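Everything below concerns the one structure shown next.
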Protein chains: 2
Amino acid sequence: MNSPHTTTIRIEPLKVACSSCNLRELCLPLGLSQPDLERLDTLVDARRSVPRGAALFRAGDPFHSLFAVRTGFFKTCVSSEDGRDQVTGFQMAGELLGLDGISTDRHSCDAVALEDSQVCVIPFSDLEGLSREFTDLQRQFHKIMSREIVRDHGVMLLLGSMRAEERLAAFLVNLTQRLQSRGFSASALVLRMTREEIGSYLGLKLETVSRTFSKFQEEGLLEVKQRHIRIADQEGLRKLVNGPNC
Amino acid sequence: MNSPHTTTIRIEPLKVACSSCNLRELCLPLGLSQPDLERLDTLVDARRSVPRGAALFRAGDPFHSLFAVRTGFFKTCVSSEDGRDQVTGFQMAGELLGLDGISTDRHSCDAVALEDSQVCVIPFSDLEGLSREFTDLQRQFHKIMSREIVRDHGVMLLLGSMRAEERLAAFLVNLTQRLQSRGFSASALVLRMTREEIGSYLGLKLETVSRTFSKFQEEGLLEVKQRHIRIADQEGLRKLVNGPNC
DNA sequence: CGGCTTATTGAATCACATCAAAACGCGTGG
DNA sequence: CCACGCGTTTTGATGTGATTCAATAAGCCG
């Protein structure tokens, strides 16, 4: 009964259940046995909608929960005292947000939705409790944290030693890989973020990002129409990432 | 009585015991109760010496253990397919090495001793086991991983948005803070790494690092004599980090 | 439509890189 | 002890990729 005056089958709000979530092969449940999975269902007690442009959390907010992206797209960014800020990552379905908060019980970055999004709320102390009982869950959680560290090291390599073209190519290759593993096309994508946000992530100015897109287009690597990208030469892009010399 | 031809009391090799380690307030044991601490002693089953220039582990090595620096100094670095590499961090006493290995059961970076060093070997499955029993240990370990993520985000901010002078100032301020919390002087330090390694960490060329040191010296911020640094104007350095405008 | 954010493109500038040479420091062996 | 060689550091001259400033264009939404 969605409208009060008609008698219809009441549609249950989709139960939040990791065991039946189509993201379970990307998210926290990865690798868990069926019984463990069902216990995990007790963990995620709520969902939360975050409209485009709104913050899921901000630096300084008290930390209680991790968040798993169910639908939508986020950016995380840190800022220095003098106002400069740096996008530290973009998160899509199945990826975890909030790991930064564990260290001081306060978040140290902002997480902002780049489109209308929905997240699963995972109370952290519950997760710790459950992972004391299930070694597989414990292991999976540790892998996720470690993966984030490894990813960050990759970004440092990018920021510390690559030129603009290599950075943008690496960004696009990474993005398409992640989209592909979620069932999207490997060759066409819609960017959820502005040139400025891409630039912030890559340590470049927005004009440089725009110019580099144009250059890639001239070279026949991409077709760029605003935020719509078609990858014309996957191999060419890959070569750029690993240095043009090899 | 240290000479071989005298009969003396045999000096036991110092027992590896977290509960009596002078680094316990910086390292994994931080915040643990006395009984927990004593259980932790069973965890660290060996020490390992790493001579200067040698690797504790290398990218691709199988991952079994974490390492806590007891004495000495390390760098970690990742490298891209085409041979460029990036120093991702410098580790000193009480800091953990090897967190990158958890994600894939293989290390993804090299850890190299910059001076003769000694580490405590922490078998990871033992740590996971113990942290299933002691919530405080579990929490502390999670905080350490999270802290590494937060630190990495700080480095991204540095690499993505700071100029050479700000980067070097931030590096020095960070280094002296960590040394100070280990009981060393806040104003004098000896760099364990080359200009090239500093440059790699900061995303700069070694010449730029050297020039920036010279500039700081001219401005009266530092006294630089090769790897010996004396900080003459702590406040001046700090101002540089947070942007010269504020 | 008109106002707004976002994106593109050009020209001038600048911070850092590159190339090159010299000086310094340190350990080794004569 | 000093001479030698080698890795490291410093410094200068020049080059360049990215930034900055500025103007225009393109999409978006009420």
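Atoms considered below: every heavy atom in the structure, side chains included; atoms not considered: hydrogens, waters and symmetry mates. Quick caveat: nothing in here was measured; it's all calculated off a predicted structure. Lettering follows sequence order; numbering is per chain, from 1.
- The shortest side-chain heavy-atom distance between B:L26 and B:R182 falls under the 4.5 Å cut-off.
- Between the P atom of C:dC26 and the NZ atom of B:K225 lies a distance of 11 Å, rounded to the nearest Å.
- Atom CZ of B:R167 is separated from atom C1' of C:dA17 by 13 Å (rounded to the nearest Å).
- Between the C1' atom of C:dT9 and the CD atom of A:E218 lies a distance of 11 Å, rounded to the nearest Å.
- In this structure, the CG atom of A:L204 is 15 Å from the P atom of C:dA7, given to the nearest Å.
- A salt bridge links A:R192 and A:E115; the closest N-O separation between the charged side-chain nitrogens and carboxylate oxygens is under 4.0 Å.
- Residues from residues 206-214 of chain A with heavy atoms under 4.0 angstrom of DNA chain C, sorted by number: A:L206, A:E207, A:S210, A:R211, A:S214.
- Of the possible donor and acceptor atoms, none in the side chain of A:R70 sits under 3.5 Å from a partner among the backbone N and O of A:V119.
- When distances are taken from the side chain of A:A164 to each of C:dT18, D:dT9, D:dA18, the shortest belongs to D:dA18.
- Ion pairing between a basic and an acidic side chain is recognised when a charged N comes within 4.0 Å of a carboxylate O; B:K215 and B:E218 show no such pairing.
- Going from atom CD1 of B:I198 over to atom C1' of D:dT10 covers 14 Å, rounded to whole Å.
- The aromatic ring centres of B:F90 and B:Y201 sit less than 6.0 Å apart.
- Closest approach to the B:K205 side chain among C:dA7, D:dT9, C:dT18 is made by C:dT18 (side chain taken as heavy atoms from C-beta onward).
- Taking 4.0 angstrom as the limit, B:R227 places a side-chain polar atom (N or O) nearer than this to OP1 or OP2 of D:dT9.
- Rounded to whole angstrom, the span from the CG atom of B:L168 across to the P atom of D:dT10 amounts to 11 Å.
- Side chains of B:Q234 and B:S187: a donor-acceptor N/O pair is absent below 3.5 angstrom, by distance only.
- Rounded to an integer number of Å, the gap from B:R163 CZ to D:dA18 P is 18 Å.
- Under the 4.0 Å criterion applied to side-chain N and carboxylate O atoms, A:K205 and A:E196 are not assigned as salt-bridge partners.
- As rounded to whole Å, 11 Å separates atom P of D:dT19 from atom CG of A:L202.
- Residues B:M156 and A:L159 form a side-chain contact, since some pair of their non-hydrogen atoms from C-beta on lies under 4.5 Å apart.
- From one end of the helix from C:dC1-D:dG30 to C:dG30-D:dC1 to the other, with five pairs defining each end axis, the axis direction shifts by 40° (rounded to 10°).
- Using a 4.0 Å heavy-atom distance criterion, A:G203 is classed as a sugar-phosphate-only contact.
- There is no side-chain donor-acceptor pair under 3.5 Å between A:Q180 and A:S185.
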